Protein chains: 2
Amino acid sequence: MNLSDRKKQILRTIVEYYINTAEPVGSKALSGELGLSSATIRNEMAELTSMGLLEQPHTSAGRIPTPLGYRVYVNELMNSHRLSISETEEINKTMKVKMEQLDKVLSDASRLVSDLTSYPTYALAETSAPVTIRRFDFISVDQRTLIAVAMLSNNTVKNKLMNLTRPIDENFIQKLGAVFNANFTNLPETEMDATLIASIERATGDIYGIVASIAGFAIHVLSETVTKKAILTGTSHILEHPEYRDWQKAQKLMNYLSDDGNVIRLPEPDDNSDVKILIGPENVAEELKDSSVVVAKYDLGDGVKGLLGVVGPIRMDYAKVAANLSYIAQGMKAIAEGKETHLPVLGEKNEE
Amino acid sequence: MNLSDRKKQILRTIVEYYINTAEPVGSKALSGELGLSSATIRNEMAELTSMGLLEQPHTSAGRIPTPLGYRVYVNELMNSHRLSISETEEINKTMKVKMEQLDKVLSDASRLVSDLTSYPTYALAETSAPVTIRRFDFISVDQRTLIAVAMLSNNTVKNKLMNLTRPIDENFIQKLGAVFNANFTNLPETEMDATLIASIERATGDIYGIVASIAGFAIHVLSETVTKKAILTGTSHILEHPEYRDWQKAQKLMNYLSDDGNVIRLPEPDDNSDVKILIGPENVAEELKDSSVVVAKYDLGDGVKGLLGVVGPIRMDYAKVAANLSYIAQGMKAIAEGKETHLPVLGEKNEE
DNA sequence: CTTAGCACTCAGGGCTTTCGAGTGCTAAGC
DNA sequence: GCTTAGCACTCGAAAGCCCTGAGTGCTAAG
């Protein structure tokens with residue numbers, strides 16, 4: 001998109017003005033800001049309108065950006081928002097709380113973003129590398145109770161308590177361990193089939209019916225780790241934005257988001273960028289055509305990756321949201337590792 | 001509250017009419033239903049109004065129940081809603097899906113209720129009996145990695161993977177197990193103090209700094225099990241109800257509910273009843289003064305108890321909500337035990 | 001005690017008017 | 001040739017107004 005510098009400046013000013021006020025921007029308002037007469041600006045605006053970057057809600061109103069206008073803004077004009085000292089300090093302070101499990105990391109990060117941006121925020125996690133069981137251990141609690149512990153290739157540990165119908169003997173437990181570790185480890189879920197399980201039953205001489213339970217546990221564990229996890233926070237924020245004052249619109253969006261499946265299917269940033277921005281109609285889902293999505297990816301190591309995303313009106317403060325998202329996505333790894341977070345404090349004080 | 005039979009009937013009819021339509025009820029509408037002239041009904045309504053059971057939104061409108069009116073209705077007039085065959089069948093069908101963890105039981109039950117009632121629904125779980133650690137096990141994964149497994153008195157098992165700075169030797173692991181099981185089991189969290197931990201460090205001759213980590217893990221585990229868990233589903237339903245068309249009201253309520261702490265502090269049914277109903281101003285929280293809460297309690301055994309609650313407008317179908325809640329609360333135990341749920345199919349087909 | 005009749009009230013919907021922000025166009029100025 | 005002042009025009013939003021009709025309380029007759 002080839003625009004004169006002045007057109008660029010006008011477009012940028014309009015987008016930013018509109019992001020803040022949610023009111024169509026008229027030529028007079030800009031003339032003060034840019035040192036040009038309103039007439040001149042009207043001429044420029046007319047051209048931007050015919051180029052499809054601006055539109056008028058009705059004849060006698062100011063201009064608002066079209067989705068294409070936002071796209072040009074985001075691609076070419078947006079100053080990357082520099083987090084102010086107070087912003088980074090707030091983030092760091094909140095992050096410092098040491099977090100323990102993945103669940104908590106996700107929900108805390110998501111809450112943090114949604115508090116900072118006033119938009120609903122989702123966090124997704126998935127373990128990308130195919131997980132296998134690296135090792136089994138069996139611990140007898142008492143004569144009729146056994147704990148099966150599975151250690152996974154991604155360094156997480158799962159366990160299950162099993163109740164037996166008759167007393168079990170210690171030798172058998174040893175044998176269970178030996179056989180399972182020899183034959184049932186490092187397998188993808190698909191190879192844990194009935195034949196294999198039957199052969200293990202024979203090898204151990206299982207008379208408790210426990211082998212089948214353990215195999216079931218193993219399969220369950222693997223299937224569970226593949227599942228993506230979604231967390232959603234701050235949906236009620238959308239009610240603050242005038243574009244969702246119509247309760248049906250708000251509800252449509254909230255319903256869409258409250259189904260984890262939908263959230264999981266949202267797109268992710270390309271390999272070479274860390275934030276992706278989808279503006280209004282660029283979204284594939286019908287329910288999101290009137291909204292925008294900003295999404296960042298993070299990597300916690302150990303094969304755990306995920307997305308952190310924000311959903312809001314098309315009139316969204318893309319610069320600020322993108323800055324916050326990528327800063328926090330970046331910090332999540334430190335958090336997950338339980339380190340005291342110590343992200344660099346960025347930027348100087350922003351324009352305000 | 002002493003009312004003539006006719007007054008009772010009129011009050012009941014008004015409440016039920018208003019629950020369905022959300023429109024003030026006039027004397028004419030009732031005269032058809034009750035076989036009395038509108039003038040007579042007006043006289044009765046005037047009296048009910050002066051008794052504080054009904055009110056008029058404005059002079060020329062019909063009557064709506066006051067919170068006190070609802071209270072009388074709930075206490076004395078409400079037919080307990082009999083779930084229709086199709087209703088119970090739907091519930092049973094949905095419940096039959098076998099659920100695995102507490103988390104899932106809660107969120108499924110909560111979703112089920114919110115789908116059935118179209119109100120936001122919360123589910124709380126808490127383990128009431130103080131939990132202790134019954135037993136520790138330590139499994140070495142490799143030279144520098146150790147899994148600590150804690151088995152709790154409520155038959156759940158927790159574990160944590162620990163990384164060591166230097167290779168560990170098998171004898172030391174044995175010793176760890178012996179010492180921890182002898183000195184650190186069956187203790188409340190409060191007794192796991194620094195003195196005790198120091199003495200264990202001495203007894204094991206810990207040179208890895210691992211004792212402190214294990215103790216930390218144990219304390220964390222215990223503190224976590226005491227924590228109440230809250231799940232919230234279907235908040236967007238409130239937008240469907242005309243009393244929350246004003247976005248600020250909707251947001252006030254949603255915000256209040258989205259803070260787990262608030263939800264946890266909601267009241268619970270008295271010992272002798274299984275459902276509690278709080279009508280509008282009867283709620284202590286300012287944010288709930290315009291809403292009603294219906295809450296049922298359940299008991300999953302193993303010391304896990306909880307609440308299942310619905311929040312909605314004061315004009316709520318108390319009978320139906322209470323019936324659904326208590327039916328499902330009753331069924332949760334079966335679900336949690338992984339049984340095929342087989343609740344009795346209740347009632348005959350309802351009035352409609 | 002019930003009911004028909006009647007005058008009265010008042011919120012809500014529809015219609016009109018007014019107001020003003022903003023526009024495009026034209027003509028004058030630098 | 002670009003910029004700007006001026007002007008007529010457009011049209012949504014807000015305000016005012018009227019009308020309608022549902023619902024009321026009261027009274028008097030059955």
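None of these values were measured; they are calculated from a predicted model. Convention: sequence-line order gives letters A, B, ...; per-chain numbering from 1.
Between L68(B) atom CG and E55(B) atom CD the span is 10.5 Å, to the nearest 0.5 Å.
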*Under a 3.5 Å cutoff on both atom distances, Watson-Crick or G-U, what's the dot-bracket for DNA chain D ([ ] crossing, | other strand)?*
||||||||||||||||||||||||||||||
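Between E23(B) atom CD and dG21(D) atom C1' the separation is 14 Å, expressed in whole Å. The distance from atom CD of E47(A) to atom P of dT3(D) is 11 Å, rounded to the nearest whole Å. Between the CE atom of M45(A) and the P atom of dG24(C) there is a distance of 7 Å, given to the nearest Å. Rounded to whole Å, the distance from CD1 on I64(A) to C1' on dG12(D) is 14 Å. Going from atom CG of L30(B) over to atom P of dT3(C) covers 14 Å, rounded to whole Å. Per the geometry, CD belonging to E44(B) stands 18 Å off C1' belonging to dG23(D), to the nearest Å. Following rounding to the nearest Å, Y18(A) (OH) and dG22(C) (C1') show an atom-to-atom distance of 16 Å. As rounded to whole Å, 15 Å separates atom C1' of dT2(C) from atom CG of L34(B).
Here the side chain of R63(A) is nearest to one of dT24(D), dT2(C), dG24(C), namely dG24(C). The listed nucleotides are dG25(D), dT3(D), dT24(D); the one nearest the side chain of R6(A) is dT3(D).
Remark: Y318(A) pairs with Y70(A) by the ring pair (Phe, Tyr, Trp, His ring centres under 6.0 Å) rule, at least two apart or across chains. Not a single ring pair (Phe, Tyr, Trp, His ring centres under 6.0 Å) links H237(B) to another residue, sequence neighbours left out.
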Are any protein N/O atoms closer than 3.5 Å to N/O atoms in nucleotides 4-6 of chain D? If there are, list each pair with its distance.
| from | atom 1 | to | atom 2 | distance (Å) |
| --- | --- | --- | --- | --- |
| dT4(D) | OP2 | S37(A) | N | 3.1 |
| dT4(D) | OP2 | S37(A) | OG | 3.4 |
| dT4(D) | OP2 | T40(A) | OG1 | 2.8 |
| dG6(D) | O6 | R42(A) | NH2 | 3.2 |

What are the atom names and distances for every N/O pair under 3.5 Å that joins the protein to nucleotides 7-11 of chain C?
| from | atom 1 | to | atom 2 | distance (Å) |
| --- | --- | --- | --- | --- |
| dC10(C) | OP1 | T59(B) | OG1 | 3.3 |
| dC10(C) | O5' | T59(B) | OG1 | 3.4 |
| dC10(C) | O2 | S60(B) | OG | 3.3 |

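Looking at heavy atoms from C-beta onward, M45(B) lies out of side-chain contact with K7(B) at the 4.5 angstrom threshold.
Sorted by first and then second residue, the salt bridge (charged side-chain N to carboxylate O under 4.0 Å, His left out) pairs involving residues 308-325 of chain A (not counting sequence neighbours) are E243(A)-R315(A).
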*Should V275(A) and V295(A) be marked as a side chain to side chain contact (heavy atoms under 4.5 Å, CB included) after you check the CA-CA gap, both sets of side-chain angles, and the distance that decides it?*
CA-CA 6 Å; V275(A) 176; V295(A) 53; over 6 Å; no
*Could you go step by step and tell me if E33(B) and Y17(B) meet the side-chain hydrogen bond (donor to acceptor under 3.5 Å, both in side chains) rule?*
CA-CA 11 Å; E33(B) 204 137 333; Y17(B) 193 102; over 6 Å; no
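For the 3.5 Å distance criterion, the side chains of N255(A) and S236(B) qualify, holding a donor opposite an acceptor. If you check the side chains of Y256(A) and E286(A), you find no donor sitting under 3.5 Å from an acceptor.
Using modelled atom types, no side-chain atom of R63(B) and backbone atom of V25(B) make a donor-acceptor pair closer than 3.5 Å.
Summarising the local packing, NZ of K249(A) is surrounded by 12 or fewer heavy atoms from other residues, nucleotides or ligands at distances under 6.0 Å.
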